[in-house]
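Here is the structure we will look at.
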Amino acid sequence: MEDAYARSVTEVLDFFRVDPRKGLSDDQVVRHARIFGKNVLPEEKRTPFWKLVLKQFDDLLVKILIAVAIVSFILALINGETGLTAFLEPSVILMILAANAAVGVITETNAEKALEELRAYQADVATVLRNGCFSILPATELVPGDIVEVSVGCKVPADMRMIEMLSNQLRVDQAILTGESCSVEKELESTRATNAVYQDKTNTLFSGTVVVAGRARAVVVGVGSNTAMGSIRDSMLQTEDEATPLKKKLDEFGTFLAKVIAGICVLVWIVNIGHFRDPAHGGFLRGAIHYFKIAVALAVAAIPEGLPAVVTTCLALGTKRMARLNAIVRSLPSVETLGCTTVICSDKTGTLTTNMMSVSKVCVVHSVGRGSVISEYSVSGTTYAPEGVIFDGTGMLLEFPSELPCLLHIAICSALCNESVLQYNPDKGNYEKIGESTEVALRVLAEKVGLPGYDSMPSALNMLSSHERASYCNHYWESQFKKISVLDFSRDRKMMSVLCSRKQKEIMFSKGAPESIISRCTNILCNSDGSTVPLTADIRAELESRFHSFAGKETLRCLALALKSMPMGQHTLSFDDEKDLTFIGLVGMQDPPREEVRNAMLSCMTAGIRVIVVTGDNKSTAESLCHKIGAFDHLVDFSGHSFTATEFEELPALQRTLALQRMALFTRVEPSHKRMLVEALQHQNEVVAMTGDGVNDAPALKKADIGIAMGSGTAVAKSAADMVLADDNFATIVAAVAEGRAIYNNTKQFIRYMISSNIGEVVCIFVAAVLGIPDTLAPVQLLWVNLVTDGLPATAIGFNKQDSDVMKAKPRKVNEAVVTGWLFFRYLVIGAYVGLATIAGFIWWFVYADSGPRLPYRELMNFDTCATRETTFPCSIFNDRHPSTVSMTVLVVVEMFNALNNLSENQSLLVIPPWSNLWLVASIILTMIFHVLILYVRPLSVLFSVTPLSWAEWRLVLYLSFPVIIIDEVLKFFSRNTNSIRFKFRFRRPDMLPKRESRDK
């Protein structure tokens, strides 16, 4: 029944044909179960494990690598290779792919946990009326039409319409659905609101919520998928994970690279068709296989095998830094997504505010007849910690607030007319509440007022341990006044009262809604001298005016406090006693904004990030909070910038688009609205970060580009999110965005470093094939360079320091390429030099080296015909390991110098010296140690087909390697000083390399 909230109790009962005194009969239960189904969230279809594994290999670069590994293994067997040499290259490639697949499978498995944890919020049992008898049944057996009784502590087992109140009131904690911390009072009357949201349905109990006060009966109107919890589950199932901007760009680049690699490999093979029949190969087929091996070596050179591992490592390093900022990352790619976030949709309660109700204003009657009639006090402190001071209307600090009669009696009333508990949690190091937030706020106020009669009271209290300090003053008043009787809060009275006894005097303390308390008062307590005087019409009007100012303009939640002397010996209270009260004071409380939020929001504006405050609260309260934060001062008013969910939905399509572009505040929202907001913003090409803590937020968190759950939130929200804020603080999000931008900058640097290195390897092999000289590098040597030699410095580049102006630039466009036109040109130049230097080292050993054969260059080009003609040198010289060792060493050393180039994209090494990133220096030293080991340690040198080098050969290596720094310094100079010049390349296929987009957003 979709609209049970809008129907009367009788209409709902008639719809299900149920007698509220007897409940359903067994026949009705069977019939309803058949029609409406079971009260369980159905199991979602899981992706089979083998499909998850195969999905990880559905990538063009990965497929090429697998093909290379298989072909490499087959070629090794054809050539008769055995042992470790035959298996090394394909085994290493397959191990890398298996590791990346494992990470992918684990990530996707975690995503399904959110749906499993949703079931934890379902009730286990329910007290059900059937056949005229109450019985406790499993909640899964409930059907629509069942009459269920709920009481304090019960988890609501299904969506139910209230039919009978069995106590003065019923309050339910709906935080998991609405995100608002205060419990909601339920009633029997039908709701007339159009487009009613959860907050409007005050006669409906929602599945998974918890009863915190009272007792009632209700009829089940929705089970299983047809509940509030079921709609959240369906919404989560409909949400597909979006690829992160970096992954999209890497996928695009991978496709581009794969096409280039395939083209070059085929080209090299075709160019050498004429050499297939060379006698050195022993036949056409063997010649074809030989050049196919060169093509395979080219593929190994061109594909940055270490790139996935290095990206993962860099993101993992970023997560460690973020954890220190209290941002715990659950999904590695989300680290980078933060860097291009353009809109942050932030919860109000708990994220922008402390989610700790605290008293901020106190209003009392100072005196009657002379001077100011009303006195106002402001109270500092925004948490449950009993730390804060009280200031008078002029801003002067009150050293001993308890010496003022009204403040003293406010403290006493706050301590006694209270059912909550304030305690210190040593594990978390903070103060926590048990009970209603408003009552805990009064307990904290009593602690801030202190106790009378001690000159050293404030300092004496500060000497107590945190555990003792939590409720020291409250416990004192509870020991002084013995509670005799309590009149609980009820909806019609809107107040509660407690009868206490002290020194043979009975006093009744009352608290409640100001309009209820003030109307029952006939006297007032004066703060100037503690006298009690009659409450005149003028003072009553002044108090009501002050109350409306607190509740209206300042949007404070207000309570009035009063007392009454009772006859000696009275032991019970009745409603008739709640009259002729003496007014003590008025307190205004709020969920205060976090102190650091204002600066964090201003940082967002500077960084080009828009903040939209999303809340289930009403419009005026939310607007007031935004004004208090101070970050929306640039808005003259909120008209055109603030919308309720209903207002937004009613807008025509064009106006809705314009509203999205201006929106700063979105109020009275429920789960579907949050998801709708995320989708609408994404359709405008915004990168959206969404915060949330309740079960209700899970679909929106999953749909957002980056979902941010609160550390204090539900397990469902945390499982659906990409990141968890340990301190629930908006400022932490902003710090994480800055870190995300820095990580992306570093990621770009090492991707470019690896690309330029791989371009060098491709140039080396391609030029060698075109010149017709022997193979300069073996595939196993290329694999070593790509994984170890390139991998360590690339990872260390991830430690580059964050730029000081990282939060002054606008967010980058999602479609901005990782490698843009000018940069691609720069790295083609660098790569070409790397490749040519490697070739030069190879040729130098054959032609010029004192330790080499000093062959004429023509002999080197005709090496493959050596066996068929007379020569002055043995043909075995072309199998010497020295030339390939020189080439490999040049390649390694030139890439170490190139790593230093990547300390900054455009800044000179004179500005950002090598020691600015000691991790990079250490990685270069470690890489060179590894390289020296494979040169000089016997088993390794045989495995990698290398040999020790002489000092003359090392000197040549340095001569060929160092110029790469000079070349890049020149290119950096042009980048810094010729901003208007940008080289643009046009390929036959325009989608091969994404072009640079304008960044004005």
Side-chain angles (χ1 to χ4, degrees), residues 151-155 167-176 180-185 209-215 349-350 353-360 379 381-388 402 409-451 461-462 464-489 495-500 502 509-512 557 559 561 587 589-592 712 728:
S151 56
V152 177
C154 283
K155 192 178 284 185
S167 60
N168 290 328
Q169 63 166 342
L170 185 82
R171 299 189 73 85
V172 179
D173 181 358
Q174 293 185 174
I176 64 168
E180 297 305 311
S181 56
C182 292
S183 59
V184 177
E185 189 174 346
T209 59
V210 179
V211 178
V212 295
R215 183 165 154 257
T349 308
T353 67
T354 62
N355 198 18
M356 298 182 189
M357 197 66 73
S358 62
V359 174
S360 60
V379 186
T382 57
T383 67
Y384 291 141
E387 300 158 1
S402 57
H409 283 83
I410 284 174
I412 296 171
C413 186
S414 296
L416 299 175
C417 214
N418 205 312
E419 299 295 327
S420 67
V421 176
L422 176 65
Q423 62 185 20
Y424 181 74
N425 186 330
D427 296 330
K428 295 182 180 178
N430 59 17
Y431 292 87
E432 294 180 340
K433 72 177 176 82
I434 299 175
E436 289 285 349
S437 302
T438 51
E439 292 201 331
V440 178
L442 292 176
R443 286 218 181 272
V444 175
L445 175 63
E447 295 298 324
K448 292 175 181 176
V449 172
L451 300 176
L461 287 173
N462 291 334
L464 297 172
S465 67
S466 298
H467 177 71
E468 293 173 313
R469 181 69 190 91
S471 293
Y472 184 85
C473 299
N474 281 274
H475 289 160
Y476 173 81
W477 294 124
E478 286 170 343
S479 67
Q480 291 292 309
F481 291 84
K482 181 184 176 184
K483 284 188 185 181
I484 301 172
S485 178
V486 177
L487 276 180
D488 286 325
F489 181 92
M495 62 182 293
M496 76 168 286
S497 299
V498 58
L499 178 63
C500 299
R502 181 180 188 237
F509 293 98
S510 300
K511 75 163 190 220
R557 182 169 296 177
L559 286 175
L561 307 174
V587 296
M589 54 186 75
Q590 62 174 347
D591 181 4
S712 60
D728 295 6

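Because only heavy atoms are used, hydrogens play no part in the values below, and waters and symmetry mates are left out as well, while side chains stay in. Computed from a predicted model, the values in this text were never measured in an experiment.
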Do Val212 and Glu436 come within less than 4.5 Å of each other through their side chains, counting heavy atoms only?
yes

Quick one: list whatever passes side-chain hydrogen bond (donor to acceptor under 3.5 Å, both in side chains) with Asp488, sequence neighbours left out.
none

Are Ser402 and Leu451 side-chain neighbours, meaning at least one heavy-atom pair lies under 4.5 Å?
no

Side-chain contact test, heavy atoms from C-beta onward, threshold under 4.5 Å: evaluate it for Leu445 versus Ile410 and give yes or no.
yes

Partner set under side-chain contact (heavy atoms from CB on, under 4.5 Å) for His467, not counting sequence neighbours
Ser465

Any Tyr384 side-chain heavy atom under 4.5 Å of Leu422 side chain:
yes

Residues in side-chain hydrogen bond (donor to acceptor under 3.5 Å, both in side chains) with Glu447, at least two apart?
Arg469, Asn474

Arg443 side chain to Ser420 backbone, donor-acceptor under 3.5 Å
yes

Qualifying residues under side-chain hydrogen bond (donor to acceptor under 3.5 Å, both in side chains), relative to Lys511, sequence neighbours excluded
Glu439

Do Val359 and Val444 have side-chain heavy atoms sitting under 4.5 Å apart?
no

Within this structure, what is the CD-CG distance for the pair Glu432 and Asp427, rounded to the nearest 0.5 Å?
9.0 Å

Is the backbone of Thr382 close enough, under 3.5 Å, to the side chain of Thr354 for a donor and an acceptor to pair up by distance?
yes

For a quick test of reading the model, state the closest non-hydrogen atom pair linking Gly214 to Ser167 and the distance between them.
CA-OG, 3.2 Å

Return the set of residues passing side-chain hydrogen bond (donor to acceptor under 3.5 Å, both in side chains) with Ser360 (not counting sequence neighbours), or none when no residue passes.
none

To the nearest 0.5 Å, tell me how far Met589 CE sits from Leu559 CG.
4.5 Å

Taking the side chain as every heavy atom from C-beta outward, state whether Met496 and Val486 have any pair of such atoms under 4.5 Å apart.
yes

If you count heavy atoms of other groups shown closer than 6.0 angstrom to NZ of Lys482, is the number above 12?
no

Which of Ser414, Cys413, Cys417, Ser358 passes side chain to side chain contact (heavy atoms under 4.5 Å, CB included) with Leu442? It is Ser414

Atom CG of Leu499 and atom NZ of Lys483: how far apart are they, to the nearest 0.5 Å?
11.5 Å

Between Ser510 and Ser497, is there a donor-acceptor pair closer than 3.5 Å when you use the side chain of the first and the backbone of the second?
no

Any residue meeting side-chain contact (heavy atoms from CB on, under 4.5 Å) with Phe481, in chain and number order, not counting sequence neighbours
Ile412, Leu416, Trp477, Cys500, Arg502, Ile507, Phe509

